[in-house]
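Since we're looking at a predicted model, the values are computed, not measured.
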Amino acid sequence: MTRAGQCRRALRVWLLQGLSEQSRRHAGPHAQPAEEHRRHSWWRVMCLTGVDYFSTLGYQPGIAVLAAGMVSPIATLVLVLVTLFGALPVYRRVARESPHGEGSIAMLERLLPWWSGKLLVLALLGFAATDFIITITLSAADATAHIVENPYTPGFLHGQSLIITLVLVGLLGAVFLRGFTEAVGIAVVLVVVYLSLNATILIVAFAQVASEPHVIEDWRQLLVNEHPNPFLLVGVALIIFPKLALGLSGFETGVAVMPLIKGDPTDTEERPLGRIRDARRLLTTAALIMSVFLLGSSLASVWLIPEDAFEPGGPANGRALAYLAHDLLGNGFGTVYDLSTILILWFAGASAMAGLLNLVPRYLPRYGMAPHWARAVRPLVLVFVSVGLLITWIFDASVDKQGAAYATGVLVLITSASLAVTLSGMRRDEEGRRHTRRMVIFGLITAIFVYTTVDNVIERPDGLIIASIFIFAIMLVSFVSRAVRAFELRVTEVRLDDTARRFIADAALLSRRAGYETGGHRGDLRLVANEPDTGDAAEYRDKEAQVRRDVHIPAGDPLLFVEVTISDASEFESALDVAGVDRHGYRVLRLTATSVPNAIAALLLHLRDLTGARPHVYFEWTEGNPFTNLLRFLVFGVGEVAPITREVLREAEPDRARRPAVHVG
């Protein structure tokens, strides 16, 4: 091998390292832990959630004032109420019904089976990708704002926000390419320090307001002058609050990290009651902490910061609390706060990257809608970082411009979670009851979030445009991958019941005995593919007579009939269940799988390995247009079964001497 070939091979090995295990386990803080990974108390895991959730304090107050002006505290209060009485109850329910970290997307997948569920998941993955990617780019952009605006920053960095942000995103990718693992301890330190600094700023800010109470009166007077009718003021706040939806960003992350929660010693994977209880504590505590800080920071910002300072390029743009830290506590404390904010914002980007690396391999490869390399971490990191760099360049590393896209992703995920919880209330429980009250309450919450999402999209369509691009790309890659991988052996295991085992053992024994009697005959297993019609004795008798006549099978060779029932053709991989059934004296192997050709091919290979005999399967040609039959196979798991079964076998077993034989008459 040439030196260039060796380098290419080494690069490929490095990129695809850990490929075989990534379908079960992924690097990063949001990964579902393997058994050897230590679980943690709920408050420590809350800090892991908090690097994403609490870090929005770095830019949320500034974005709120820029979007709502002096009405921002009232709109923030509406946001807090929606958080505590809308999003929080929804995700407390999600935690109960999806305690293994799959979140609301998996709930919808279960509630909406077949292709409808898959297509919805693909669309939601597009919005989730928007959420996570914009978290990376927006956090990096806000970290850059804190770097550039710090008084101790060297002068040559001023005006270089785009380059600094690109470097930060690239650095994040480099860290993940090297290897990034669960870091609950780092998250605890970052969150405790960051919240302590924020609390200090707000305490000093409110003390300043207490010494200058006229600022409250000045703000109230401005509100009265602009909106003399208090009911109209509330109406304006209700209209404006969707622009502040960034403050809802941490809930999906909160349920994603549930597997890291220790729970109770008596917990099992089927009934993790302690984990569910502690996850609900996590969500409630995080929501209460964030609500206090959101409302406090909004009030402090409008009371103490000049409104023009929030404009693009202004000293408080994207960094309102940092502005107060420098103004009220001096540049030394302000610099410490800047460093803390930069670190937690960077870690929020790392958390989002880990979320992507956990989310994409959890769904797309299982659907057959991604190439094999999508199970590996490093190729995905390169893809996500490239997209992040492109978005940073398109939005010129602006926090304000990316806020709409971020809010759209967050709101769609919360709306989908609300819908999932509402639909789950429509289902009857084990006692046959419907939870009508729960369904109505969550239906109203869903309506609120639908309004919020639609209003945000109409007002600022950037998020929908970006999400649509992601959705289109995911759909395109997914269906191309599904078509390319359609001929894989898509069976995870073969499960035979006792009757099927007996049928197969008897057929193998009789075939060997017939082989000895005919002198040198190999005693191969012979299976007849049958699509059930009337199911009476005449059907099986005529089918057997036709097969023996067409391919000259001796009367002494036993035949096993094979019939396949499709369970869910939208699934890519599944176990193959084989049940033996006696129908009017004819022995039938009934298969349940997601695809007829793949199921038959898997059964043939399993029988070869189980008995040592070479299986033969006999088909009739399928009527109809070959292209139409191919589409039927791709969508419904049926179609032109014989040639596709042969192709699956050819890919699965390169050795023709060991490959089961396919006959068509």
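- Put simply, the side chain of Leu419 does not reach to within 4.5 Å of the side chain of Phe449, judged on heavy atoms.
- The minimum heavy-atom distance between Leu345 and Ser55, with the atom names listed, is CD2-O, 3.7 Å.
- Taking the six-membered ring wherever Trp is involved, the centroid distance between the rings of Phe384 and Phe132 does not fall below 6.0 Å.
- Annotation: the span from Leu124 atom CG to Asp131 atom CG amounts to 11.5 Å, rounded to 0.5 Å.
- In this structure the side chain of Leu84 reaches within 4.5 angstrom of the side chain of Leu288, judged on heavy atoms.
- To the nearest 0.5 Å, atom CG of residue Leu138 and atom CG of residue Asp142 are 6.5 Å apart.
- A distance of 6.0 Å separates CG in Leu57 from CG in Leu294, rounded to the nearest 0.5 Å.
- Ser398 contributes no side-chain N or O that, together with a main-chain N or O of Phe395, makes up a donor-acceptor pair within less than 3.5 Å.
- Under the 3.5 Å distance criterion, the side-chain polar atoms of Thr130 are matched with a main-chain donor or acceptor of Gly126.
- Considering all non-hydrogen atoms of both residues, Ile344 and Gly50 come closest at CD1-O, 4.5 Å.
- Ion pairing between Arg275 and Asp278 fails under the 4.0 Å rule for side-chain N and carboxylate O.
- The CG atom of Leu321 sits 11.0 Å away from the CG atom of Asp338 when rounded to the nearest 0.5 Å.
- Between the side chain of Thr165 and the main chain of Thr144, no donor-acceptor pair closer than 3.5 Å is present.
- By the ring-ring contact (aromatic ring centres under 6.0 Å, His included) test, Phe127 is found to be paired with no residue, residues two or more places apart in sequence or in another chain being considered.
- Formation of a donor-acceptor pair under 3.5 Å by the Asp455 side chain with backbone atoms of Tyr451 is not found in this model.
- Here the shortest heavy-atom pairing between Gln60 and Leu79 reads NE2-CD2, 3.8 Å.
- A donor atom on one side chain and an acceptor atom on the other are found under 3.5 Å apart for Thr415 and Thr453.
- Nearest heavy-atom pair, Ala325 versus Ile201, reported as atom, atom and distance to 0.1 Å: CB-CD1, 3.6 Å.
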Review point. Can you check side chain to side chain contact (heavy atoms under 4.5 Å, CB included) on Ile134 and Ile391, steps first, answer last?
Key: CA-CA 8 Å; Ile134 298 297; Ile391 289 177; 3.8 Å; yes

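- Between Pro315 and Glu149, the shortest heavy-atom contact is CA-OE1, 4.0 Å.
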Exercise for review: Go through the steps for Phe293 and Leu195 under the test side chain to side chain contact (heavy atoms under 4.5 Å, CB included), then give the verdict.
Suggested key: CA-CA 9 Å; Phe293 276 100; Leu195 290 182; 4.0 Å; yes

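- You'll find the side chain of Leu282 stays beyond 4.5 Å of the side chain of Trp43, heavy atoms only.
- Within the 4.5 Å cutoff, the side chain of Val65 has no heavy atoms near those of the Pro61 side chain.
- Looking only at side-chain heavy atoms (C-beta outward), Ile414 and Val90 stay at 4.5 Å or farther from each other.
- Taking all atoms of both residues into account, the shortest heavy-atom contact from Ala316 to Ile305 is CB-CG2, 3.9 Å.
- In this structure, Ser416 contributes its side chain and Leu413 its backbone to a donor-acceptor pair below 3.5 Å.
- For the pair Leu172 and Val385, the minimum side-chain heavy-atom distance is 4.5 Å or more.
- At a threshold of 4.5 Å between non-hydrogen side-chain atoms, the residues Met46 and Ile289 count as touching.
- Thr137 and Thr392 form no side-chain donor-acceptor contact under 3.5 Å, judged by distance and modelled atom types alone.
- Note that CZ of Phe206 and CG of Leu304 are 8.5 Å apart. Values are rounded to the nearest 0.5 Å.
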Check your understanding: What do the steps show when you test Arg44 against Leu48 for side chain to side chain contact (heavy atoms under 4.5 Å, CB included), and what is the final call?
Key -> CA-CA 7 Å; Arg44 292 173 63 85; Leu48 187 61; over 6 Å; no

Exercise for review: Check the pair Thr446, Thr422 against side chain to side chain donor-acceptor pair (under 3.5 Å), reporting the backbone distance first and the verdict last.
Suggested key: CA-CA 8 Å; Thr446 302; Thr422 303; 3.1 Å; yes

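- Applying the side-chain hydrogen bond (donor to acceptor under 3.5 Å, both in side chains) rule to pairs touching residues 293-311 yields Thr76-Ser298, sequence neighbours excluded.
- Atom CZ of Arg220 is separated from atom CD1 of Ile216 by 11.0 Å, given to the nearest 0.5 angstrom.
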Review point. What's the verdict on side chain to side chain contact (heavy atoms under 4.5 Å, CB included) for Trp42 and Thr285, showing C-alpha distance, side-chain angles and the deciding distance?
Key: CA-CA 10 Å; Trp42 66 267; Thr285 305; 3.4 Å; yes

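- At most 12 non-hydrogen atoms from other residues, nucleotides or ligands lie less than 6.0 angstrom from CZ of Phe472.
- Contact check for Thr83 versus Met290: no side-chain heavy atoms found under the 4.5 Å cut-off.
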